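Source: prediction; values computed, not measured. Hydrogens, waters and symmetry mates are skipped; everything else that's a heavy atom, side chains included, is used.
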Amino acid sequence: MPELPEVEVIRRGLAPRLRGRRFNGVAEGPHRLRRQSPAPDFSRWLPGRRVLDLRRRGKYLLLDLEGGATLLFHLGMTGRLLLTPGPPPPLPHVHLTFRLEGGLALLFQDVRRFGQALIFPPGMDLTPLEQVGREPLSPQVTARRLAKMARGRFRPLKNFLLDGRIMAGIGNIYASEIMFAARLHPAAPVGSLSPADWRRLLRHTRRILRAAIARGGTTINDYLDSHGRTGLFQLDLLVYGRHGEACRKCGAAIERLNQGGRSTFFCPCCQTPGAEQGREGRPDGACDAPFDNVSK
DNA sequence: CACCCCACCTGCGTGC
DNA sequence: TGCACGCAGGTGGGGT
């Protein structure tokens, strides 16, 4: 579930309440996450240590602890980090309960258990981050660099966007939204994009990620922030989950495509392969749609 | 190396 | 009502 914007919203929600706060202890649930440190490791490095800062890398959330240890979280598809002021409520699927000073409890709840919670002792490499690509919201990513990484490659644009080793943090929802905004077809071989395509793609990537953060993320089914609140960006989605509905720009029916076992949503009219040049300068809604599309 | 595919889980909506 | 099936925001390991 949580992509870059959702993890960033969680980070911003937790940071002011966790900074400077000491961990007391940890309790495990009956089931383990896909990757989860053994309880003795948490017990060794958490109790008595203060949280110095919270960082995000891609979809990973990192808590820097006093003394140099790092607590790393990944929320997988359905993970939540909930901070409760008092005794934690008896919620289902809570796999870790971190107790902090002042009576706070940080709960890791995850229905599908694809999430990760790992403690790294001081000085140890954060191995999960080694493969994480550059931050799309940082100047480290440039259109030129993306074009270079795509040169000579034939993989579909959608797969390229979802490849976290290239740009970190883009998931299935925002990939579709970004390609729609940039008017690029999800199956387009990445090596075929022009420099202008890459500039447009990066510009919309940043715009959409920032807008989603400002809206508190996207809640489809499960996502809640650290206060237990939903996001609002689902109201701004233009293609994701809108299979069969009318494109908001041209009226054509949004289509669903299966790429690598995952759904991609796109407008067959606005995102026609190779049609970009011919459309420059034309207003929205002026693509050559098949006819029964300005409807509903 | 580049790329594909499935496994890992539970829950929910749909259609028969 | 019940049941089978498909699908869901993520990685990561193994195969071609």
Side-chain angles (χ1 to χ4, degrees), chain A residues 1-10 29-36 56-61 72-81 91-96 108-118 126-133 148-179 186-192 208-209 212-213 215-226 229-237 239-244 255-265:
Chain A
M1 137 185 57
E3 305 182 30
L4 184 154
E6 289 73 33
V7 178
E8 180 61 20
V9 169
I10 289 169
H31 301 283
R32 302 184 69 71
L33 301 169
R34 192 149 81 110
R35 302 178 76 184
Q36 177 178 323
R56 181 189 56 72
R57 270 292 280 132
K59 299 169 192 168
Y60 289 91
L61 183 67
L72 174 149
F73 293 115
H74 191 291
L75 300 178
M77 296 273 261
T78 52
R80 295 171 178 166
L81 281 170
L91 300 171
H93 306 297
V94 171
H95 305 109
L96 287 166
F108 195 117
Q109 184 186 36
D110 187 357
V111 170
R112 293 176 72 182
R113 285 189 273 135
F114 290 169
Q116 306 178 35
L118 298 168
L126 304 180
T127 48
L129 301 188
E130 284 170 4
Q131 296 285 76
V132 177
K148 186 179 170 188
M149 296 184 83
R151 193 170 302 146
R153 309 277 168 81
F154 291 88
R155 62 195 303 205
L157 175 59
K158 166 77 178 308
N159 299 32
F160 185 87
L161 283 178
L162 283 187
D163 187 341
R165 294 167 303 185
I166 295 166
M167 269 193 291
I170 297 170
N172 211 38
I173 295 178
Y174 297 110
S176 282
E177 296 299 310
I178 289 164
M179 292 183 290
V190 280
S192 72
I208 287 171
L209 295 178
I213 292 168
R215 288 282 243 158
T218 300
T219 299
I220 304 290
N221 287 314
D222 303 301
Y223 169 70
L224 297 178
D225 71 13
S226 62
R229 297 182 300 221
T230 70
L232 289 172
F233 195 74
Q234 64 276 14
L235 303 174
D236 296 336
L237 296 177
V239 286
Y240 184 85
R242 300 193 64 244
H243 173 58
E255 291 184 9
R256 175 162 66 183
L257 191 64
N258 191 301
Q259 294 182 288
R262 317 195 65 196
S263 289
T264 308
F265 300 88

| request: Identify, with sequence neighbours excluded, every residue that meets side chain to side chain donor-acceptor pair (under 3.5 Å) alongside A:Q259. | output: A:T264
| message | Restricting to ring pair (Phe, Tyr, Trp, His ring centres under 6.0 Å), what partner residues turn up for A:Y240, sequence neighbours left out? | response | A:F265
| message | Just to verify, what does A:R215 make a side chain to side chain donor-acceptor pair (under 3.5 Å) with, not counting sequence neighbours? | response | A:D236
| Under 4.0 angstrom between A:R34 side-chain N/O and B:dC8 OP1 or OP2 | no
| request: Compare the aromatic ring of A:F114 with the six-membered base ring of B:dC8 and state whether they stack according to the 5.5 Å and 30° rule. | output: yes
| task | For A:R153, check salt bridge (Lys or Arg N to Asp or Glu O under 4.0 Å) against everything at least two apart and list the hits. | result | none
| task | Look at the side chain of A:P156 and decide which nucleotide, out of C:dG9, B:dC4, C:dT11, has an atom nearest to it. | result | B:dC4
Show each protein N/O and nucleotides 11-16 of chain B N/O combination with a separation under 3.5 Å, one pair to a line.
unit_1: B:dG11; atom_1: OP1; unit_2: A:H93; atom_2: NE2; d: 3.0

| query | Say you pick atom P in C:dG13 and the same atom in B:dC9; how far apart are they, in whole Å? | reply | 15 Å
| Nucleotide C:dG10, atom C1' - distance to OH of A:Y223 in whole Å | 15 Å
| field | Pairwise P distance, B:dG11 and C:dT11 [rounded to whole Å] | value | 22 Å
| query | Taking only residues two or more places apart in sequence or in another chain, which ones pass salt bridge (Lys or Arg N to Asp or Glu O under 4.0 Å) with A:R229? | reply | A:D225
| B:dA7 versus C:dC5 - spacing of their P atoms, nearest Å | 16 Å
| remark: Any stem touching DNA chain C, meaning at least three consecutive Watson-Crick or G-U pairs under 3.5 Å, ordered by first number, would be B:2-8 with C:10-16, B:10-16 with C:2-8
| Partner residues of A:E8 under the side chain to side chain donor-acceptor pair (under 3.5 Å) criterion, sequence neighbours left out | A:R11, A:R12, A:R56
| query | How would you list, by chain and number, every residue that makes a ring pair (Phe, Tyr, Trp, His ring centres under 6.0 Å) with A:Y60, sequence neighbours excluded? | reply | A:H74
| Among A:H93, A:R34, A:M77, side chain to side chain contact (heavy atoms under 4.5 Å, CB included) partner for A:R112 | A:M77
| note | Hits for side chain to side chain donor-acceptor pair (under 3.5 Å) against A:T219, two or more places apart or cross-chain, chain-then-number order -> none
Protein N or O to nucleotides 6-8 of chain C N or O, pairs below 3.5 Å:
unit_1: C:dA8; atom_1: OP1; unit_2: A:S263; atom_2: OG; d: 2.6
unit_1: C:dA8; atom_1: N3; unit_2: A:R112; atom_2: NH1; d: 3.2

What's touching nucleotides 13-16 of chain C from the protein side, N or O pairs under 3.5 Å?
none

| field | OP1 or OP2 of C:dT11 under 4.0 Å from side-chain N/O of A:Q131 | value | no
| message | Taking only side-chain N and O atoms of A:H74, does any of them lie within less than 4.0 angstrom of OP1 or OP2 on C:dT11? | response | yes
